[in-house]
Amino acid sequence: MHVRRKLVAGNWKMNGSLAALGELATIAAAARSAGGVDVAICPPFTLIAPAVARSGGLAIGGQDCHSQESGPHTGNVSAGMLVEVGARLVIVGHSERRADQGETDEAVRAKAETALGHRLQTIVCVGESESEREAGRALERVSAQLAGSLPDLRQEAELVVAYEPIWAIGTGRTATPADVAGMHAHIRAALEQRFGEAGGRIRILYGGSVNAANAAGLFAVDNVDGALVGGASLTAAQFVPIVEAAARS
Ligand code: PGA
């Protein structure tokens, strides 16, 4: 059995402002006093550098990166650029990018490979839609996404998987602990099958309407090694109780 330290990562999506970075000091102080848990915030690109300056030791990350190092890709940001301004992690393959930008598993895998090569901790997101779950195809869908989106492991940086059922994101509907247990066990088995013993060390986060009220219940589930938090990561008041629940679990 591997002991995996919990990771609570906030995904600000297209929210936040310079003024909102004032939340970071409170989150950092709470993370330090809770202890034993890794805490990160991924703000929009424009806020990464000022967030690093005010992070108080929190890890700051990006919400995406390009698979290429540089070149004619208007509007995109490379992994090297994230590293240069102090980012320590990146999220790739979020369902909103898969939907809005048409990112395929192959594209997500290429981004993840580049990010790991730049020593960024890389969170690869997977998750089924509501219709796929209703059709009983959730496990199959996530298996296909894992097979297509996960890069081979590299020694220089950590790969993390985030399971985010699309129907639970931003909806206030969280997957039940039983559903989460089933899916996370399924993901763990897939990771061990592909990566052997190293698959037991990969952290699997749950994401989708995680909040102060449901966090402790989710963290108690086997193979839930933390959370990827959207809406409830925007303020310290909502995010700190999730960090504290992770530290207690
Ligand atoms: P939510 O978003 O917590 O607002 O549901 C989670 C995510 O999309 O990462």
Side-chain angles (χ1 to χ4, degrees), residues 1-11 27-28 30-42 57-61 88-94 112 115-116 119-127 139 142-143 145-147 149-165 168 174-208 210 214-230 232-233 239-249:
M1 255 311 262
H2 294 281
V3 178
R4 293 175 298 266
R5 190 176 153 102
K6 294 237 174 2
L7 167 62
V8 180
N11 170 14
I27 295 169
R32 270 196 306 278
S33 67
V37 53
D38 294 334
V39 182
I41 292 285
C42 299
L58 290 175
I60 302 297
R88 291 179 10 211
L89 71 150
V90 67
I91 300 167
V92 294
H94 191 283
L116 289 174
R119 300 175 182 269
L120 287 164
Q121 181 185 50
T122 302
I123 303 177
V124 176
C125 303
V126 296
L139 297 176
V142 168
S143 290
Q145 288 178 323
L146 292 170
S149 312
L150 291 188
D152 291 332
L153 295 184
R154 315 258 306 228
Q155 280 183 346
E156 58 267 39
E158 186 197 359
L159 177 68
V160 178
V161 172
Y163 168 58
E164 299 203 303
T174 319
T176 63
D179 286 342
V180 174
M183 183 60 85
H184 280 232
H186 178 74
I187 294 172
R188 177 68 62 209
L191 294 174
E192 287 177 342
Q193 190 178 25
R194 173 145 167 210
F195 301 120
E197 213 247 335
R201 285 194 291 271
I202 296 176
R203 291 188 278 192
I204 308 173
L205 312 184
Y206 170 79
V210 176
N214 60 29
L218 290 162
F219 293 145
V221 175
D222 269 358
N223 288 303
V224 173
D225 306 311
L228 185 54
V229 184
S233 71
F239 194 55
V240 165
I242 299 171
V243 171
E244 289 171 343
R248 279 195 306 271
S249 66

Please report the interatomic distance CG(L58) to CD1(I41), rounded to the nearest 0.5 Å. 6.5 Å
With the side chain counted from C-beta on, respond yes when L7 and Q121 share a heavy-atom pair under 4.5 Å apart, and no when they do not. yes
I'd like to check I187 versus N223 (side-chain heavy atoms, cut-off strictly below 4.5 Å). Are they in contact? no
Say you draw a straight line from CG of L159 to CG of D152; how long is it, rounded to the nearest 0.5 Å? 10.0 Å
Of the non-hydrogen atoms in V210 and A232, which two are nearest, and what is the gap between them? O-CB, 3.5 Å
C125 to E164 - nearest heavy-atom pair and separation: SG-OE1, 4.2 Å
Between the main-chain N or O of L146 and the side-chain N or O of S149, is there a donor-acceptor pair closer than 3.5 Å? no
Rounded to the nearest 0.5 angstrom, the CG-CZ distance for L153 and F195 is 4.0 Å
Identify, with sequence neighbours excluded, every residue that meets side chain to side chain donor-acceptor pair (under 3.5 Å) alongside E156. R154
Working to the nearest 0.5 Å, report the span between CD1 of I123 and CG of L228. 5.5 Å
Ignoring hydrogens, what is the shortest heavy-atom contact between A215 and A245? Give both atom names and the distance. CB-CB, 4.1 Å
Going by heavy atoms in the side chains, are V221 and Y206 under 4.5 Å from each other? no
Which value, rounded to the nearest 0.5 Å, describes the distance between C42 atom SG and R88 atom CZ? 11.5 Å
Is the number of heavy atoms from other residues, nucleotides or ligands within 6.0 Å of CZ (R201) greater than 12? yes
Start with the C-alpha distance between D38 and R203, add both sets of side-chain angles, then the distance that settles side-chain contact (heavy atoms from CB on, under 4.5 Å), and finish with yes or no. CA-CA 11 Å; D38 294 334; R203 291 188 278 192; 2.8 Å; yes
Looking at every non-hydrogen atom in both residues, tell me the closest pair between E192 and G200 and how far apart they are. OE2-CA, 3.6 Å
Side-chain contact test, heavy atoms from C-beta onward, threshold under 4.5 Å: evaluate it for L150 versus L191 and give yes or no. yes
Considering non-hydrogen atoms only, spot the tightest contact between L120 and L89 and give its length. CD2-N, 3.6 Å
List the steps and the verdict of side-chain contact (heavy atoms from CB on, under 4.5 Å) for Y163 and V224. CA-CA 9 Å; Y163 168 58; V224 173; over 6 Å; no
With respect to R188, which candidate in D222, V161, D225 satisfies the side chain to side chain contact (heavy atoms under 4.5 Å, CB included) definition? D225
All heavy atoms of I202 vs all of V160, minimum pair found to be CG2-CA, 4.3 Å
